[in-house]
2 protein chains.
Amino acid sequence: MYGNQNIRKDIGNTALRNHHVTIKDIASSVGVSTATVSLALSGNSRISEETCRKIIMTAKKFGYSPSSAARSLAMNKSGNIALMIPNLDQIFQQSFFALAMNGVYDACLAKSYSLRLEVVSDSFVSSRRFIKLFQERSVDGMLYAGSTSADTYLNQLYELKYPFIFAGSYLNGSNLPFVTGDNKKGGALAVEHLLNSGRRKIAHIYGDFNITSSLDRFNGYRDALEKAGIVFDDSLTAPGGFSEKGGASAMKKLLKQKPDAVFAGNDIMAAGAIREIKRSGLSVPDDISVCGMDDIPLASAMSPALTTVKYDIYGIARRAAEKLIDIIEGRQPEQVKEFLPVELIKRDSC
Amino acid sequence: MYGNQNIRKDIGNTALRNHHVTIKDIASSVGVSTATVSLALSGNSRISEETCRKIIMTAKKFGYSPSSAARSLAMNKSGNIALMIPNLDQIFQQSFFALAMNGVYDACLAKSYSLRLEVVSDSFVSSRRFIKLFQERSVDGMLYAGSTSADTYLNQLYELKYPFIFAGSYLNGSNLPFVTGDNKKGGALAVEHLLNSGRRKIAHIYGDFNITSSLDRFNGYRDALEKAGIVFDDSLTAPGGFSEKGGASAMKKLLKQKPDAVFAGNDIMAAGAIREIKRSGLSVPDDISVCGMDDIPLASAMSPALTTVKYDIYGIARRAAEKLIDIIEGRQPEQVKEFLPVELIKRDSC
DNA sequence: TTGTAAGCGTTATCAA
DNA sequence: TTGATAACGCTTACAA
């Protein structure tokens, strides 16, 4: 009744090349129904050990794996998760996103989800692809690493109750869940450390205020200054666009104000700042202390080794993915809004 | 006959929250069969313009997107492509793979495929996941960026005729198709340039000989030396493991041989080498010329700006993905074995 | 413990 | 130009 003679002949002869072996083939070969095969392979205990063993053996022999499409269709679940990443070429080339991906990937692997990559471009937004992915049931949930303040369209996902979470960022005034690092605290930590080492005129190179983490790091910087009774001076801040070059040119501008320290919004910009300081004939940390943020692998290799605030993006992304899966699987009734701790790493640049 | 009253009522009232609208809903709302809807939405010309317009409008109104699972099942095609990336943490943190991903992503986007990420770990191999993905019909094809010489299991994919291609690497003695850069030529270009500037004692820091591109770059180096009548000296080479630190410690070792130039297997290691040379009190390029390879964005920002061989991994990955899609769609009868050109970028470190 | 059969939401093949 | 209807390959009540 089940199975297809031609198929089975192929299996017998050639190595069943491109023809796909289905549950029917296993069923007919073992002499049971497809239901039994399905149950046995999903480890259902009501199938006799004997039958179970035969089925598993045959499945292995035939190289059978259930069709993911058929499975998704029957179970109404894709088993896929999308990771959204912004389309900022410069940003994308940095280890930050690689680490984020690693974290998400590991979480997916542990929970048997597969990871799909989406780059957020204008067309991604305007074509409402972030909604379509759900409508198509291509993904069960979505993560966004590196969102900007312009991404307000995402609030639709909240209303539609589609599983979504921010990793390492969030959207101001939104109800969407997130797991991120405590950027504000990080900025404060950096400034306090610089103050403690006797510095007073502390400059700041920020990345881009459209990125929430940049803004938070900046706010931490400013608040810590004011808390120490130092008046915030706008001319001591400059944008560095997250890049080494940007950090260097921001530093060039800031040097005119003769600061005795600088807090760079990330380690890459700190590298640029250090380069520019040296170029101008000054020394780090003797003339100017430099503190970065993120603690990328390169930080400890710089000269001088960079003092920085560790931002565990791998851990953040991983936890965000785990929370997302909890949401998908109905295990997360409450809103997830987490700020994971950051930590000062003292090295030689301060 | 078609459709479900409850569903349609929901659509009328609330914003059809989590309930998925299907082709039947569109069909019954417009008053046609599902077949007609399917044909109309796929742009089949034999449907009258009138009907077509109504269907498209209704689909849009209801926010209908075909279920990807149902579609895959019916068409026997997933529309997914997997990008495999090695599990070398250090490597993964470098812009190289981010660029490769970007290239693959863009090609997928252009051809309406979606990109799935797979990290090649021991379990990935031992569980034969690279085969299972095909058996499950989860993916239509697979790309591998950064393969090692240990990845011989992949030859099975050739025998099984599953669409596969290497991007930026290949497997020695394998029939599997690839698109990569001309690494050997790159090594030669670097050495020739150093020779032309009068250097004779040229050291080499290679990444890891298990990576084919490292080996090829090394071979290019050695051949160019011999071609110039210089005897290859093993003590002038050292492994750097692709990292900045590795490059620095390799350089430390090599300095004992008092070379007058060094060709680093990638720009990251070149950065480490430069750091070590400076630390030892020597100058680049006055005492020792340094040439890297890849031309990552950081290369132009180093001091001195790094002379290097441009390896267009974005372009390579993109082209590999395009070729893969050609293979998937039956447009590629011949074996694809391409070495894309490399180019010397002269800056200040030589 | 196992089998039957009804979905799941498409596409594709015929007829009409 | 359209409509029935049979796949596609699985899971899951419900029966036996």
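Keep in mind it's a predicted model, so treat the numbers as computed, not measured. Order of the sequence lines fixes the chain letters, A, B, ..., with proteins taken first and strands second; residue numbering starts at 1 for each chain.
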Completion exercise
Computed from five pairs at either end and rounded to 10 degrees, the angle between the axes of the helix from C:dT1-D:dA16 to C:dA16-D:dT1 is 40°
Handout entry: Gap between atoms CD and C1', on A:E136 and C:dT10 respectively (whole Å)
Key = 13 Å
Handout entry: A:T36 side chain near C:dG3 phosphate (N/O to OP1/OP2, under 4.0 Å)
Key = yes
Handout entry: Whether B:S147 side chain and B:S169 backbone form a donor-acceptor pair below 3.5 Å
Key = no
Exercise for the section: Quickly work out the B:I26 CD1 to C:dT11 C1' distance and round it to whole Å. Expected result: 16 Å
Handout entry: side-chain contact (heavy atoms from CB on, under 4.5 Å) partners of A:T51, counting only residues at least two apart
Key = A:V32, A:T36, A:I47, A:S48, A:I55
Handout entry: Sole candidate of A:Y144, A:Y153, A:F164 that passes ring pair (Phe, Tyr, Trp, His ring centres under 6.0 Å) when paired with A:F130
Key = A:Y153
Provide a list of protein-nucleic acid N or O atom pairs under 3.5 angstrom, restricted to nucleotides 6-9 of chain D.
from	atom 1	to	atom 2	distance (Å)
D:dG9	N2	A:A70	O	3.4

Completion exercise
Residues B:D140 and B:Y113: closest non-hydrogen pair is OD2-CE2, 3.8 Å
Handout entry: CZ on A:F166 to CE on A:M84, rounded to 0.5 Å
Key = 8.0 Å
Handout entry: side-chain hydrogen bond (donor to acceptor under 3.5 Å, both in side chains), paired with A:N80, selected from A:S68, A:S72, A:S114
Key = A:S114
Problem - Residues in side-chain contact (heavy atoms from CB on, under 4.5 Å) contact with A:S149, at least two apart in sequence or another chain - result: A:N210
Exercise for the section: Could you check how far CG of A:L39 sits from C1' of D:dC10, rounded to whole Å? Expected result: 12 Å
Handout entry: Any donor-acceptor pair under 3.5 Å from B:S29 side chain to B:D25 backbone
Key = no
Practice task
Using only side-chain N and O atoms of A:S38, determine if any of them is under 4.0 Å from OP1 or OP2 of D:dT11.
Solution key: yes
Problem - Listed partners of B:Y105 passing ring-ring contact (aromatic ring centres under 6.0 Å, His included), at least two apart - result: none
Handout entry: Strand-adjacent residues in residues 41-56 of chain A, judged by heavy atoms under 4.0 Å from DNA chain D
Key = A:R46
Problem - Approximate separation, where rounding is to 0.5 Å, of B:K323 NZ and B:Q335 CD - result: 12.0 Å
Handout entry: From A:S38 atom OG to A:R71 atom CZ, the distance as rounded to the nearest 0.5 Å
Key = 7.5 Å
